[in-house]
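Written out below as structure tokens is the structure these notes cover.
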Amino acid sequence: MEQCELEKLHLSGQIQPFGAFLRIDQSTNLVTHVSKNISQFCDVPFEDVLGKSIRELPWFPLGALSDLPDVLGSRLLDIKNNRAGEPLYFRVIRADNAINVEIELQERSASTSRYSHHDAISYRSLQGDWTEQDYFNYLTTVINQYLPFNRVMLYRFEESWIGEVVSEASKDNRTLYQGLKFPASDIPAIARRLYFLNPSRIIPSTNSEAVDIVSLEESVPDLTYSDLRSVSPVHIEYLSNMQVQASLSIPVIVSGELWGLIACHHPTSLKVDVTQRNETERLVASFSSSFGAFIAGERLKWLRIAEADISRLSLALTEAYADDDARLDIVAESIKTMFRCKGVAVFQDERVEFCGLSSWREYLVLLKYAVDKHLLGNVTDITDIREYIAQPSANFPIRGALVIRQSFERSGITIVILRQPEVITNNWAGNPDKSLLKEGDNGLIKPRNSFKKWSETSGDESAPWSKLDVLMAKKIRAVILGLRHPTLR
Ligand code: BLA
């Protein structure tokens, strides 16, 4: 896994052959780097470009340079015909102390039509009747109608960067990957960073030969901000193993974070025109902001419910402590309702109150011992409490534990919200333990070669506690701390 992170993708020194590359020094305006294939686009040998001031190149659209915003990564697109009368795109990109220029031919198929559904995402979502899945399917369906790729997928990252295809649309209406998970190593962090920083990544052909970039001082240009950057050999093999020869990926950024990717696949070489790419990038950006608003709305709904739950609990606690003999059973009962769980134990001094499955009672002493011995945090979420218990019996029935501790005094209240083991099935695209293969003695890394559905079922853990569960637990602790010295009664 670590080896995948070592490849310096932005320093490959090469580009894909569907365009030409120039790097211009920002302070001197000199061309410090140029790709060897520039003659195919601008009819000049690369030797005549290298070291020249950009002002000496009559075919260069200088206006784009002065209009480029100062923001790192910002881009401008200009069109100018070459001597043969072919329209060329000049993509001017603000990079670190440099301007990157990428030249591509306009495709004959370049569309002038816009996504007719462009604003539909924001319009329909304003009606408020869309589910999360409606958002996902709408995006993949629209892109599948517009672009010639034979498969369009929306890929969502989990916190650990494992990913899942949450929606898939294809020309033949067959889904291959919907609902399948992919290990984090399929897209190393170094690659994710590049996808976060750029509006899209296109690989028109995994069969094409990369083109060298030459430089004045034999230095390698930083291709962090480049659409042409050559493709990592590991990834070329990965795509071949998937029977894919062309791909387009577009980052889905929600609330400033890389939430997922649109991944388009084609079995043969395919290059979509710059305008189609740009329009799709804008569609995805419009999806991201509508979807971001949807998520914020859902959170708000959850918060309202949580507030109501917390006020009820607050009342229950006040009631519980209204007389000298605090009614911990009321506390356990209301927390059990809040979490819809199988059991809640509340400990204070020597007392314990339990609400839930009666067969769990005999394990409470062990539970309290484990909590006191091992868990130092105020709120701790555990998926398998047995890890904290010395030699748990084979039939130990409890797994998940969300522990809330008022304080570390013996007299403080400790609440443990409990879950039983459940059957969790993960469907992977290929065995994740074999996501990378080592080849021969030189230890070269190769991606896995099977993406066939591989199911993994575990019946011995509980699902991890969500961020919202933990947030709720923290709120409960705040309510307990707000009570007037319950422990002193
Ligand atoms: C890049 N890996 C990628 C990209 C995707 C995936 C989407 C972005 C590049 C692109 O547009 O194709 C993975 N593609 C997927 C997944 C799906 C998909 C999960 O369609 C699901 C449907 N890959 C490996 C291993 C390594 C690795 C073991 O499997 C590391 C050694 C590396 N993946 C890797 C690298 C890149 C990459 C280096 C960057 C490629 C580049 O931009 O040059």
Side-chain angles (χ1 to χ4, degrees), residues 6-62 64-65 68 72-78 80 82 86 88-105 190-191 193-195 197-236 246-247 249 269 271 274 277:
L6 296 178
E7 189 182 351
K8 300 255 182 297
L9 301 170
H10 60 298
L11 300 180
S12 67
Q14 294 186 314
I15 54 165
Q16 302 179 71
F18 66 91
F21 175 87
L22 298 174
R23 180 187 182 275
I24 303 163
D25 185 286
Q26 212 177 318
S27 46
T28 61
N29 277 332
L30 296 183
V31 176
T32 59
H33 298 75
V34 60
S35 61
K36 280 188 168 169
N37 62 348
I38 186 132
S39 57
Q40 285 172 27
F41 297 85
C42 301
D43 201 20
V44 290
F46 69 85
E47 294 91 342
D48 289 1
V49 177
L50 196 61
K52 289 269 163 57
S53 162
I54 199 71
R55 297 186 197 287
E56 295 173 60
L57 306 175
W59 41 268
F60 192 87
L62 283 173
L65 283 187
L68 188 65
L72 197 63
S74 56
R75 293 151 173 262
L76 264 186
L77 197 65
D78 209 339
K80 215 175 159 182
N82 62 11
E86 296 165 317
L88 290 181
Y89 290 113
F90 284 80
R91 184 170 43 253
V92 181
I93 313 172
R94 172 86 57 197
D96 260 332
N97 303 319
I99 308 281
N100 291 343
V101 180
E102 302 194 317
I103 306 167
E104 277 182 54
L105 272 175
I190 195 156
R193 177 173 174 272
L194 295 173
Y195 298 123
L197 293 176
N198 288 287
S200 67
R201 167 72 165 154
I202 180 174
I203 303 173
S205 175
T206 50
N207 280 336
S208 63
E209 202 153 313
V211 178
D212 288 333
I213 299 173
V214 287
S215 70
L216 280 178
E217 299 130 7
E218 311 240 322
S219 65
V220 175
D222 183 333
L223 296 179
T224 297
Y225 298 100
S226 156
D227 291 7
L228 298 177
R229 178 173 58 76
S230 62
V231 187
S232 155
V234 185
H235 188 53
I236 290 188
S247 77
S249 306
S269 297
K271 164 144 186 267
V274 171
R277 271 142 59 196

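In what follows, residues are counted from 1 in the order of the sequence shown.
Judged purely by atom type and a 3.5 angstrom limit, S35 uses its side chain to pair as donor or acceptor with the backbone of F21. A donor-acceptor distance shorter than 3.5 angstrom exists from the side chain of N198 to the backbone of L194, with no hydrogens or angles considered.
The closest side-chain heavy-atom distance from I213 to V34 is not below 4.5 Å. Looking only at side-chain heavy atoms (C-beta outward), Q14 and V211 stay at 4.5 Å or farther from each other.
Nearest heavy atom pair, residue A95 against residue N100, reads CB-ND2, 3.7 Å. Here the closest heavy-atom approach between residue I93 and residue G73 is recorded as CG2-O, 4.1 Å. L68 approaches R94 most closely through the heavy-atom pair O-NH2, 3.1 Å. Among all heavy-atom pairs drawn from A64 and V92, the shortest one is CB-CG2, 3.7 Å.
A search for side chain to side chain donor-acceptor pair (under 3.5 Å) contacts involving S12 returns S230, not counting sequence neighbours. With sequence neighbours excluded, no residue satisfies side chain to side chain donor-acceptor pair (under 3.5 Å) with D78. With sequence neighbours left out, R23 forms a side chain to side chain donor-acceptor pair (under 3.5 Å) with T32. Under the rule for a salt bridge (charged side-chain N to carboxylate O under 4.0 Å, His left out), the partners of R75 that lie at least two apart in sequence or sit in another chain are D227. With sequence neighbours excluded, the residues forming a side-chain contact (heavy atoms from CB on, under 4.5 Å) with P204 are Q16, F18, I202, K271, listed by chain and number. Considering only residues two or more places apart in sequence or on other chains, I190 meets the side-chain contact (heavy atoms from CB on, under 4.5 Å) condition with E5, L9, P188. The salt bridge (charged side-chain N to carboxylate O under 4.0 Å, His left out) check on D212 picks up nothing, with sequence neighbours excluded. For S219, the side chain to side chain donor-acceptor pair (under 3.5 Å) partners are H33, not counting sequence neighbours. A search for ring-ring contact (aromatic ring centres under 6.0 Å, His included) contacts involving H235 returns Y238, not counting sequence neighbours. With sequence neighbours excluded, the residues that form a side-chain contact (heavy atoms from CB on, under 4.5 Å) with T28 are D25, L30. For E7, the salt bridge (charged side-chain N to carboxylate O under 4.0 Å, His left out) criterion is met by no residue, not counting sequence neighbours.
More than 12 non-hydrogen atoms from other residues, nucleotides or ligands lie less than 6.0 angstrom from NZ of K80.
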Validation: residues 47-61 side-chain donor-acceptor distances under 3.5 Å, sequence neighbours left out:
{"residue": "K52", "atom": "NZ", "partner": "D48", "partner atom": "O", "Å": "2.8"}
{"residue": "S53", "atom": "OG", "partner": "R55", "partner atom": "N", "Å": "3.2"}
{"residue": "E56", "atom": "OE2", "partner": "S53", "partner atom": "N", "Å": "3.2"}

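For the atom pair CG (L88) and CD1 (I103), the distance works out to 7.0 Å, reported to the nearest 0.5 Å. Expressed to the nearest 0.5 Å, how far CG of L105 lies from CD of Q40 amounts to 9.0 Å. To the nearest 0.5 Å, atom CG of residue D222 and atom CZ of residue R229 are 10.5 Å apart. Note that OG1 of T224 and CZ of R193 are 5.5 Å apart. Values are rounded to the nearest 0.5 Å. Atom CD1 of I203 and atom CD1 of I236 lie 7.5 Å apart (nearest 0.5 Å). The CG atom of L197 sits 8.0 Å away from the CG atom of L72 when rounded to the nearest 0.5 Å.
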Subject >> Derivation of the side-chain contact (heavy atoms from CB on, under 4.5 Å) call for N82 and F41 >> reply: CA-CA 7 Å; N82 62 11; F41 297 85; 5.6 Å; no
**OP:** Please lay out, stage by stage, how V101 and V31 fare under the test side-chain contact (heavy atoms from CB on, under 4.5 Å).
**Re:** CA-CA 10 Å; V101 180; V31 176; over 6 Å; no
